[in-house]
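Take a look at the structure below.
When a residue number appears, it is its place in the shown sequence, counting from 1.
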Amino acid sequence: MLESYVTPILMSYVNRYIKNLKPSDLQLSLWGGDVVLSKLELKLDVLEQELKLPFTFLSGHIHELRIHVPWTKLGSEPVVITINTMECILKLKDGIQDDHESCGSNSTNRSSTENAKSSVKPRRIHQAAPTDPDLPPGYVQSLIRRVVNNVNIVINNLILKYVEDDIVLSVNITSAECYTVGELWDRAFMDISATDLVLRKVINFSDCTVCLDKRNASGKIEFYQDPLLYKCSFRTRLHFTYDNLNSKMPSIIKIHTLVESLKLSITDQQLPMFIRIMQLGIALYYGEIGSFKDGEIEDPICHSKDMLGNIAGAEDEARIDMQYAAQYKGQDSYLQQVDEQPQGWVSWAWSFVPAIVSYDDSEEDYLGSDSASTMHQQKAQTLKDPIVSVGFYCTKATVTFKITEMQAESSYYSPQKVKSKEVLCWEQEGTTIEALMMGEPFFDCQIGFVGCRAMCLKAIMGVKDFEENMSRSESEACFFICGDNLSAKGLTYLTNSLFDYRSPENNGTRADFILDEAHHKETYTEIAGMQRFGAFYMDYLYTVENTSGKGSANQQDLSSGKNEDLGTVQEKSTKSLVIGPLDFRLNSSAVHRILKMIVCAFEHEYEPYSRLKPEIKDENAVVLKPEEVTSLEEYIPTRHTSVTLLKCTCTIFMAEFNLLDRLLPVILGEKNSSSFMNISNFQSLRPLPSIQILVDKINLEHSVPMYAEQLVHVVSSLTQPSDNLLHYCYVHCYLKIFGCQAGLTSLDCSGSYCLSVPIIPSFSTALYGKLLKLPTCWTKRSHIVTTEGIFELPNLTIQATRAQTLLLQAIYQSWSHIGNVSSLTVNEGLMNEVFQTIGVKSKNPLPTLEGSIQNLELKYCSTSLVKCASGTMGSIKICAKAPGDNGREKLVPLLQGPSDTKDLHGTKWLNESRKPESLLAPDFIAFTIQVPQYMNYCHNSG
């Protein structure tokens, strides 16, 4: 009978995660078609062991579990599992360094696992009962696969809570449903066929609410904050592609989520807690928490079995041991490096992927000898890492920052309530977050959005600058604009997603993925990223290539210095960020709101998750042999980051009000003694003068060695390390600015700008710096440079009239004279002198003071003994441009060098513009300054 095959499968899943179940009662209820179980307790240890999260479950229970099995229509209707009210409470593990005890003792872990499996499997096989002669073997296997592929899971009222310190993060989902769909993503009863090796599923989440509150010392929440996210609904599409009907695991997995509208709300009290949660995620990603104890090293075989244990649990364990031992033999040095580093979140996430889609190991046990030939065929197949694509897409997202105030009720005995007021809003359109991975050797993450803007709302610090009765335009409230909007860009952010009707999966074809580093960089360029998004694009690529290199050492095996013939593992990590054309307007309203957010972010007493370890010189470092040093120089892994800003405009307005004395002390670490004043009246200043800075392009490049500690210990132990090895012991940073110019402009009452008056014409500059990693390892080598910086400026010109200089001074004073509350006034005559009417020539042009320098180069470096600064300046010129006869300007030089002064006594010399005789002319000035670091070295320096 079918019950003898299907019932044990369902029972195994239920019994695995739920405590104190009687198999006999459950089996009888299942045969009746419906099961209703109430007040169930989850097996928390099983959940922690399988999920391998750095969290521990404080509690977990299910109010009601319903299982509906349509025995008469098992081949055409799905099994429905309904969970009503499921609640779990988690917290970060205490002594989280001990959370890998499952792999700490290898032999004990294996023996206990084998004993557990041996004790479980015979019972399950006994439950499976002999094969029914009326049911053909192929039919049983096909039917079980159809049942498992079409199981519907419905969760009503899912509650997850995370507690840490005074933080309580709760997620409440009213309804979540997972079901199988057809080609058009409609609900259907589907199965994998030889012609269509695809399985599609949909998960719908309804009314997701996320709350972030603060509890007191007794664990109670005194004041409930506004929810971070309130009743947000989203849907997830899952697409699995198999190589053949007998595949245990999909070869391609796509999981994409779409949110139409995402509205986040963060109060000033929630901001430090929100940043704390973000820091937790970053610490987990980089493995800064959840590491092993000192001296403990995770067994790679144990780790690999944990990672892939859910893929083929019924397969022979000896074969898995041999297979993965052989697989990791070629990556021995890579694993040694990984073992020395804390395990990152990516490794955990990847290890969890197979558990989502794989069958349980017991399913094949129930098949008995019917599928022996099929199992043997699957055992012969080599386990291959699937291609996994995870995507998150949001049409429109809004983040609102609020300031909270305590408000008492009218009655004396009424409790206080928290009232929030919106002050800042961030709007973003067309957001995409995509991750593509194939095992641990390849990982790529792309993030982008089409457009964004930031706006001021209501009042800030008592200044009612954007209240509703002010009737100020939306353009005045908006202080940051970047990219386009969706109406102009289209749905490019959904390209090749499961929500794109043009994607290969929605047109019945198999998708092609770029898993080669060279091809990836050729395809996903900065230009291609900006064409798809427009505002922001980031591409993070991490690859590991295992090649057979010459020599006997490996660059990853730096600390052990083993002399084994291993393959060379080349790790590469590149991050490329591009920010499209943006307009940043720094007025009083924007500056005070931004600084207020920074002040709120500092108002906490949380300890950091990870502290910098003291730099300790390893006296027992192994000295490498010459051939090992040669192998080390062939390739040293680095992390490279590139940030590019295109067409950046920054406008600094005159301060209409200045209350920075209440914000800057907190940011600088001082106490804020003054209290906020309630200032009801605010009058905007029009016309409002401002400084406008335009930059064509800004490029920042940063590189750091991937395994700095091991590399520095090895290189510092060498007698004469090469320049190439020394180069990789530094953090390098390059900053290049192209086409930067500045001028004065003014904002009128209509919200438009007048024609910019140039102050600094276009110029370009570059800055380079490098910093030595772990300088304590180089104390015995005084000639090693610890810090070095180079600044280059080909040319710079500044020109201004007296009126323009006075206006610049007024803008500066409006920000420097702290405590100015009322609106400033600017002399109308001064504004008229600075901003001439377009198309009208001035009868009496004002004299202009102009200064320029050329070929400026500054250098700075420091060693353990001395600090040195040097520089050269090619030429300098300061002159006054005065109106002359016939409308021609007359130049009056005030300072110029280098210059030929042989005709200095003549009047002709004063009226000529002199240039160096040739490019080979000497520099105008050159200087060098050296300062000893410590005075005790000066007496013994010789």
Side-chain angles (χ1 to χ4, degrees), residues 263 265 396-403 421-429 450-489 534-535 580-597 647-659 679-694 743-757 807 811 814-815 820-826 828 831 834-835 837-838:
K263 296 182 179 180
S265 170
K396 186 174 182 179
T398 303
V399 181
T400 304
F401 179 67
K402 301 179 180 179
I403 301 295
K421 178 175 60 178
E422 302 173 349
V423 297
L424 190 65
C425 178
W426 174 278
E427 294 181 354
Q428 191 167 297
E429 291 185 322
V450 174
C452 63
R453 64 174 185 169
M455 294 184 298
C456 300
L457 301 175
K458 296 188 177 180
I460 181 71
M461 300 172 63
V463 180
K464 299 180 180 180
D465 50 350
F466 282 98
E467 290 289 350
E468 296 178 355
N469 56 1
M470 293 291 294
S471 301
R472 302 185 69 176
S473 64
E474 186 175 319
S475 60
E476 290 181 288
C478 184
F479 65 88
F480 182 85
I481 302 175
C482 183
D484 303 322
N485 50 34
L486 285 180
S487 59
K489 198 73 175 179
L582 61 89
D583 186 4
F584 196 15
R585 305 168 187 173
L586 288 174
N587 51 32
S588 296
S589 301
V591 170
H592 284 78
R593 283 166 170 81
I594 294 172
L595 294 181
K596 179 61 178 177
M597 287 185 62
K647 299 292 183 182
C648 176
T649 302
C650 180
T651 307
I652 304 174
F653 293 90
M654 176 180 283
E656 297 177 274
F657 60 92
N658 190 340
L659 303 175
I679 305 160
S680 57
N681 55 348
F682 170 80
Q683 296 293 330
S684 59
L685 176 64
R686 294 295 182 272
L688 184 62
S690 61
I691 304 172
Q692 192 172 67
I693 303 173
L694 302 172
L744 285 171
T745 185
S746 174
L747 180 67
D748 58 19
C749 298
S750 62
S752 59
Y753 294 90
C754 68
L755 189 63
S756 178
V757 178
L807 187 58
I811 295 175
S814 68
W815 289 103
N820 181 19
V821 177
S822 60
S823 299
L824 296 173
T825 57
V826 180
E828 184 178 353
M831 295 289 291
V834 174
F835 304 105
T837 307
I838 299 176

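E476 pairs by the side-chain hydrogen bond (donor to acceptor under 3.5 Å, both in side chains) definition with S473, R686, not counting sequence neighbours. For K396, the salt bridge (Lys or Arg N to Asp or Glu O under 4.0 Å) criterion is met by no residue, not counting sequence neighbours. Residues passing the side-chain hydrogen bond (donor to acceptor under 3.5 Å, both in side chains) test with S265 are K402, sequence neighbours excluded. Applying the side-chain hydrogen bond (donor to acceptor under 3.5 Å, both in side chains) criterion to D748, with sequence neighbours excluded, gives S750, S752. For the ring-ring contact (aromatic ring centres under 6.0 Å, His included) test, no residue two or more places apart in sequence or in another chain qualifies with Y753. In this structure, the side chain to side chain contact (heavy atoms under 4.5 Å, CB included) partners of V423, at least two apart in sequence or on a different chain, are F401, I403, I460, R593. Checked against salt bridge (Lys or Arg N to Asp or Glu O under 4.0 Å), K263 has no partners two or more places apart in sequence or in another chain. Residues passing the side-chain hydrogen bond (donor to acceptor under 3.5 Å, both in side chains) test with R453 are E427, E474, sequence neighbours excluded. L595 is linked by a side chain to side chain contact (heavy atoms under 4.5 Å, CB included) to V591, I598, L660, L663, L664, I667, counting only residues two or more places apart in sequence or in another chain.
With a 4.5 Å cut-off on side-chain heavy atoms, L744 and I811 count as touching. At a threshold of 4.5 Å between non-hydrogen side-chain atoms, the residues N658 and S814 do not count as touching. The shortest distance between side-chain heavy atoms of F479 and C456 falls below 4.5 Å.
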Using the side-chain hydrogen bond (donor to acceptor under 3.5 Å, both in side chains) rule, take N485 and S487 through it: C-alpha gap first, then chi angles, then the decisive distance, then the call.
CA-CA 6 Å; N485 50 34; S487 59; 2.9 Å; yes

Would you please test L807 and F835 for side-chain contact (heavy atoms from CB on, under 4.5 Å) and show each step? CA-CA 11 Å; L807 187 58; F835 304 105; 3.9 Å; yes

*asked:* Checking S588 against F653 for the side-chain contact (heavy atoms from CB on, under 4.5 Å) test, could you report, in this order, the C-alpha distance in whole Å, the side-chain angles of both residues, the deciding distance, and whether it holds?
replied: CA-CA 8 Å; S588 296; F653 293 90; over 6 Å; no

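Minimum heavy-atom separation, G534 to P581: O-CD, 4.1 Å.
Between H592 and F657, the ring planes lie tilted relative to each other; the angle falls in the 30° to 60° range.
Here the CG atom belonging to D465 is positioned 12.5 Å from the NZ atom belonging to K458, to the nearest 0.5 angstrom.
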